[in-house]
Amino acid sequence: MIPLSWYLIAAAALFCIGLFGVLSRKNAVSILMSVELMLNAVNINLLAFWHYHTQLQGAGQITPQVFVAMVFIVAAAEVAVGLALIISAYRRRETPVVDEMTLLKG
Amino acid sequence: MSGLQIVFLIVAVVTLFSGVMVVASRKMMHSALWLILTLLGVAILFATLQAGFFAIVQVLVYIGAISILIIFTLMLTRRVMDDEHPQVIKGWWLPAVMAVILFGLIAGFLATWEDFQVMLNELPADAENLAAFGSALVNPAGYVIPFEVASVLLLAALVGAIYIAVERKEKTR
Amino acid sequence: MSFWRDPIIFIIEWAKGLLAGIGWGPGWATIVGFVIGAFVLATGAMFFVVFLIWYERKLIGRLQDRFGPNRLGPWGLFQPIADMLKIFTKELITPSGVDWIAYNLAPILSVAAVLMMWAVTPFSKTFFGVNISVGILFLIAVGGLGEVGIILAGWGSNNKYALVGALRAVAQLCSYEVPFVISALVPVMLTGSMSLVDIVEAQNPWYILVAPAAALVFFIASVAETGRAPFDLAEAESEIVAGYNVEYSGLKFGMFFVGEFLHAFTASFIFVTVFLGGWRGPGADQIPVLGLVYFMIKTFIVYFALILFRGTNPRFRIDQMMDLNWKVLTPLSLVVIMVIALVDRLFASSADWLRTVILLAANLVILVVAERLIRRGVKTTRPEVGSRERPVASPDNLFIQPGSGAKG
């Protein structure tokens with residue numbers, strides 16, 4: 001009922017919005033939220049192709065589903081560790097703005 | 001335009017609008033709320049793709065856990081960051097141009113694929129076979145190794161996050 | 001089907017026939033049917049809370065050796081209506097500096113999350129909202145939506161006590177999701193499907209007789225998930241100035257209040273659906289409305305147990321609650337699920353009744369061993385008070401403290 005192109009374009013748009021967020025936001029938590037947007041766009045893409053291949057080949061395809069599950073797991077792990085790092089860095093430097101965390105700058 | 005197409009258009013527009021508000025909001029908390037709306041929109045898109053299990057797992061994992069973690073972190077790191085100053089860096093037009101160019105490139109490249117405009121029809125009812133998915137995850141000839149590696153990754157993330165975030169009283173001072 | 005056997009489905013089919021007679025297609029009739037059904041169910045649930053509030057107040061009163069409300073109407077039945085009228089007419093005071101969206105969205109999300117749980121449970125053989133293939137996962141997911149509502153309430157109130165209360169409440173809810181999910185996996189394993197309709201259909205002996213250890217863990221975890229006593233640290237009156245809903249007045253507070261009572265009732269009927277056989281009973285297969293009657297009776301029995309639980313136990317402290325979760329419930333639920341999976345697979349080919357008996361025996365062994373271990377881990381030394389010298393008031397030392405050195 002819905003053309004595959006609509007899903008792919010929506011996913012590409014969400015990915016580019018997330019990319020803009022990662023490259024241009026100041027707050028570290030904002031950057032993490034934009035990374036979540038990118039991961040969700042990837043998930044939409046994967047599930048659209050799962051639907052497409054199941055429709056083509058009849059039997060349920062397992063690989064895209066496993067891939068989506070892996071993306072969920074990796075996203076959850078990355079958010080947990082990323083937020084712990086941000087909290088820890090905030091405690092040292094008293095600011096969540098990434099531009100001011102320049103200790104390693106040469 | 002069938003009902004499903006109208007639903008998809010509305011949900012996609014809401015999702016993309018919320019995504020733009022996530023990266024453009026001035027107040028951090030509003031950014032987090034828009035993120036929750038975006039994740040909900042993505043869950044509904046999963047449901048229109050007839051991947052109901054993943055729609056519910058999206059709500060459970062992303063909205064029920066990750067969003068709450070993000071909001072907790074926002075509450076714990078608010079002190080110095082002013083909500084009135086602009087939240088984007090000075091040269092933000094360059095990432096915007098890059099994002100638009102990237103979107104154009106992706107869409108243009110995909111449009112040359114011959115199956116781009118394929119209609120996704122409704123799948124038969126047993127297409128999303130959860131039992132097959134579950135047994136493939138533990139099948140040695142299937143995906144048991146990625147599954148186990150993912151479990152180890154989660155364990156490492158758990159231990160690492162606790163270790164990093166625990167306040168080391170003897171070191172900070 | 002006749003009207004008497006299944007009144008609800010009869011009315012629905014009659015309404016659909018009416019719409020088809022007008023000329024609407026079956027797709028639109030189904031959508032309208034869903035919308036009206038959702039509206040009726042949600043409104044009915046909210047009106048039903050009036051009765052639940054009365055039931056609870058009378059019962060708590062009797063537990064505490066008093067009558068409970070008995071002035072308005074026979075047996076105080078109109079008391080909750082008076083409460084509702086009072087809450088409707090209170091002034092809605094919005095404190096300054098609140099985040100308008102978060103402050104107003106929070107009560108809506110809290111109630112909506114609970115009402116969504118009513119959409120997937122089977123009330124009788126034919127009367128349910130939808131039959132999602134992942135019903136149990138849906139219940140847990142909307143519990144997560146409720147948590148978002150609590151955080152919004154705490155943060156949007158512009159009040160640091162509300163914020164701390166909300167953070168503690170969400171920490172409690174997130175932690176208790178772990179044994180909740182793990183012990184909810186036991187009926188899923190025994191049934192082979194996550195759909196609630198299938199779980200009810202497959203309960204030949206009720207699952208509480210097959211896996212009582214899992215039922216116990218599930219019950220305790222769902223009481224903690226609803227935030228009811230003895231786990232009501234987050235919103236009790238004497239704790240942290242009533243917690244995350246301190247800045248709400250009038251109908252918004254009424255929404256939180258209603259949401260909490262409804263959540264308790266919802267937790268009862270989820271327990272009934274998953275472990276007590278749902279609508280199953282003698283004759284419920286042929287006469288579906290009898291299934292609804294059995295469901296209501298069982299739910300009220302479990303709700304009775306919840307209220308008894310509330311009225312008799314003192315409140316947990318936050319660290320005691322976390323200890324209970326991570327040191328007792330989570331290991332217990334993990335052991336239960338591993339043992340049940342093992343036993344189920346070892347005896348998969350034997351007769352049904354034999355497997356049930358062996359599962360029951362394994363569960364009882366787990367419960368006894370857990371009780372021994374917990375008893376050994378609990379601090380049992382109490383300060384000896386009986387033999388200490390107690391100050392006794394008598395007319396000659398009425399104003400003199402013992403140990404102060406003054407002489408009488």
Side-chain angles (χ1 to χ4, degrees), chain B residues 2-4 6-7 18 21 25-37 39-40 43-44 46-47 50-76 78-79 83 125-135 138 158 162, chain C residues 25 27-28 30-31 98-103 105-106 109 113 116 120 130-152 154-156 158 160 162-164 166-171 173-175 177-178 181 185 188-189 191-195 198 341:
Chain B
S2 74
L4 201 59
I6 298 179
V7 165
S18 317
M21 293 306 287
S25 247
R26 202 154 257 227
K27 295 192 180 202
M28 290 301 304
M29 205 59 173
H30 287 180
S31 208
L33 295 182
W34 285 115
L35 181 71
I36 293 183
L37 187 60
L39 297 171
L40 200 59
I44 301 181
F46 288 175
Q50 291 182 282
F53 174 68
F54 290 108
I56 296 186
V57 170
Q58 163 94 358
V59 174
L60 184 69
V61 167
Y62 271 101
I63 301 182
I66 290 183
S67 311
I68 293 185
L69 272 183
I70 290 181
I71 295 180
F72 264 58
T73 310
L74 279 175
M75 288 193 214
L76 290 174
R78 289 188 76 207
R79 219 159 24 96
D83 276 343
D126 61 346
E128 190 195 10
N129 196 351
L130 282 178
F133 177 51
S135 61
V138 292
L158 186 75
I162 294 178
Chain C
W28 283 108
T30 314
I31 292 183
V98 299
D99 190 356
W100 182 81
I101 298 181
Y103 183 75
L105 199 58
L109 267 184
M116 279 204 262
V120 285
V130 285
N131 181 9
I132 305 188
S133 64
V134 285
I136 289 223
L137 219 54
F138 181 82
L139 293 177
I140 301 162
V142 298
L145 274 183
E147 291 173 27
V148 171
I150 292 180
I151 283 205
L152 289 182
W155 183 80
N158 198 19
K160 52 171 106 66
L163 190 63
V164 173
L167 289 180
R168 284 213 293 206
V170 167
L173 291 183
C174 266
S175 313
E177 265 182 24
V178 175
V181 172
L185 272 180
V188 168
M189 259 196 327
T191 309
S193 153
M194 280 196 261
S195 152
D198 290 345

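What's counted below: heavy atoms across the whole structure, side chains too, no hydrogens, waters or symmetry copies. Order of the sequence lines fixes the chain letters, A, B, ..., with proteins taken first and strands second; residue numbering starts at 1 for each chain.
In this structure, the separation between CE on B:M29 and CG on C:L152 is 6.5 Å, given to the nearest 0.5 Å.
Between B:I71 and B:I36, some side-chain heavy-atom pair lies under the 4.5 Å cut-off. Side-chain contact check for B:L74 versus C:W155: every heavy-atom pair is 4.5 Å or farther apart.
For C:L173, no part sits under 4.5 Å from any heavy atom of chain B, backbone or side chain. For chain B, no part of C:L105 is nearby; none of its heavy atoms comes within less than 4.5 Å. At a 4.5 Å heavy-atom cutoff, the contact between C:L145 and chain B is made by side-chain atoms alone.
Scanning both residues, B:I68 and C:G144, for their nearest heavy atoms gives CD1-O, 4.4 Å.
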